[in-house]
Peer 1: 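Dropping the structure in here first, questions after.
Counting starts at 1 for both ligands and their atoms, following the listed order. The residues of the chain are indexed from 1 along the displayed sequence.
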Amino acid sequence: MITVLAGGVGAARYLAGLVQVIDADDVTAVVNTGDDVWLHGLRVCPDLDTLTYTLAGAVDAERGWGLVGETWAAMDALARYQQAAPPASSAGLTWFRLGDRDLATHLYRTARLGEGADLAEVTGEVTAAWGVGCRLVPMTNDTVETRLTPADAERADELGFQEYFVQHRHSVVVSAVRFAGAEAARPGPGVLAAIAGAERVVVAPSNPIVSIGPILAVPGVADALAARRADVVAVSPIVAGAALRGPADRLLAELGHQPSVVGVARLYAPWAATLVVDEADAGRAGEVEAAGMRCVVGLTVMHGPAEGAALARLTLASPA
Ligand code: FO1
């Protein structure tokens, strides 16, 4: 079995490549839930849903999230109430776009959680309904929320992840990130076994701070990875000092890390032996090795399924 630590869009593309190369039944993804949010009384799990929709071939590839051919009638209708809502209310908010078909996933998940099912069970039902072959396991069934502190003192109040990422378009400089609830969280069912029992563990090209960070913050996970360090291969989400999507490079820099493959290596070296970097960073292989990780150079930018499959082969072949 291959176990993949996965966040959002980059991980989805990697997994879509991996299941072309090996049987989906042999793949388990441990998925970040630090982005999850309660909105309109519904439990929304963006990374779980992005992976599910991508692996089902139903994701809107251009957006990277949500469903292809989506309509937004419910959101448009909600806008009517937004102006009537009191300023402090989040009841009518529409800055976080929930498509009409996507809403079905949140309605189902929320109802099942209300019936006492846990997130892992519901995720199994949702992925089965979409015909997704590989197993998606939430990093925990407990609530862990990524929260970011803006650097400028005036706007001192912490931001929830989606407020930072979507409402503020991750344009806010942050001085701290924390994963509220992590210390009390227990690894989700199957998480530690998936790490201990894997032939190889792959860290997908996800944001090291807010996608991989929450997974590592769940007690027991970092130790489980360190115990398998020789068999853990990570793909750098940073190419030539920049993130391909999202704020990974900025967050690394704002939190005092080098926004480069070397900065990623320094973060991952304690529990991962190998870092796969893009050819654009071939010249930094020596520095990655000096940071304590074996460096494998290849093509890590995935424009489509073919590159995803090639990257998957590289991560499975690279000398762990
Ligand atoms: N991202 C946006 O930039 N704008 C949105 O309105 C938005 C809505 C949304 C709804 C459901 C969902 O599963 C994901 C959604 N995303 C949206 C993406 C989401 O913020 C990110 O996928 C993750 O949280 C970061 O990987």
Peer 1: Considering both backbone and side-chain atoms of Asp102, is one of its nitrogen or oxygen atoms within less than 3.5 Å of a nitrogen or oxygen in ligand 1?
Peer 2: no
Peer 1: Where does Trp95 meet ligand 1, judged by heavy-atom distances below 4.0 Å: at the side chain, the backbone, both, or neither?
Peer 2: backbone
Peer 1: If you have a sec, work out which protein heavy atom is nearest atom 2 (C) of ligand 1 and how many Å separate them, to one decimal?
Peer 2: Val166 CG2, 3.6 Å
Peer 1: Quick one: does ligand 1 sit under 4.0 Å from the side chain of Val9, the backbone, both or neither, non-hydrogen atoms only?
Peer 2: neither
Peer 1: Begin from the C-alpha positions of Thr140 and Thr33 and carry the test side chain to side chain contact (heavy atoms under 4.5 Å, CB included) through to its verdict.
Peer 2: CA-CA 8 Å; Thr140 179; Thr33 58; 4.1 Å; yes
Peer 1: Can you tell me the protein heavy atom closest to atom 16 (N) of ligand 1 and the distance?
Peer 2: Trp65 CD2, 3.4 Å
Peer 1: Give a yes or no on whether Glu289 atom CD has more than 12 heavy-atom contacts from other residues, nucleotides or ligands under 6.0 Å away.
Peer 2: yes
Peer 1: Using a 3.5 Å cut-off on N or O atoms only, is Gln162 in polar contact with ligand 1?
Peer 2: yes
Peer 1: Can you pull out the closest protein heavy atom to atom 26 (O) of ligand 1? Residue, atom name and distance to 0.1 Å, please.
Peer 2: Asp47 OD1, 3.2 Å
Peer 1: Compute the shortest N/O to N/O distance between Asp35 and ligand 1 and return yes if it is under 3.5 Å, no if not.
Peer 2: yes
Peer 1: Nearest protein heavy atom to atom 21 (C) of ligand 1, by residue and atom, and its distance?
Peer 2: Phe165 CE2, 4.0 Å
Peer 1: Got a donor-acceptor contact below 3.5 angstrom from the Arg229 side chain to the Ala272 backbone?
Peer 2: yes
Peer 1: Classify the ring geometry of Phe161 against Phe165: parallel below 30°, tilted from 30° to 60°, perpendicular beyond 60°.
Peer 2: parallel
Peer 1: Report, as yes or no, whether the 6.0 Å neighbourhood of atom CZ on Arg186 holds more than 12 heavy atoms from other residues, nucleotides or ligands.
Peer 2: no
Peer 1: Using a strict 4.0 Å cut-off to heavy atoms of Phe161, name the atoms of ligand 1 that fall inside it.
Peer 2: 24 (O), 25 (C)
Peer 1: Going by distance alone, is a donor N or O of one side chain under 3.5 Å from an acceptor N or O of the other, for Tyr53 and Thr105?
Peer 2: yes
Peer 1: Donor-acceptor check, side chain of Thr315 to backbone of Ala312, threshold 3.5 angstrom: yes or no?
Peer 2: yes
Peer 1: Check each atom of ligand 1 against the heavy atoms of Pro46 and keep those under 4.0 Å away; list them by number with element.
Peer 2: 13 (O), 14 (C), 23 (C), 24 (O)
Peer 1: In terms of side-chain geometry, is the basic nitrogen of Arg178 or Glu158 positioned less than 4.0 Å from the acidic oxygen of its partner?
Peer 2: yes
Peer 1: Identify, by atom number and element, the atoms of ligand 1 in contact range of Arg97, meaning under 4.0 Å from any of its heavy atoms.
Peer 2: 5 (C), 6 (O), 8 (C), 9 (C), 10 (C)
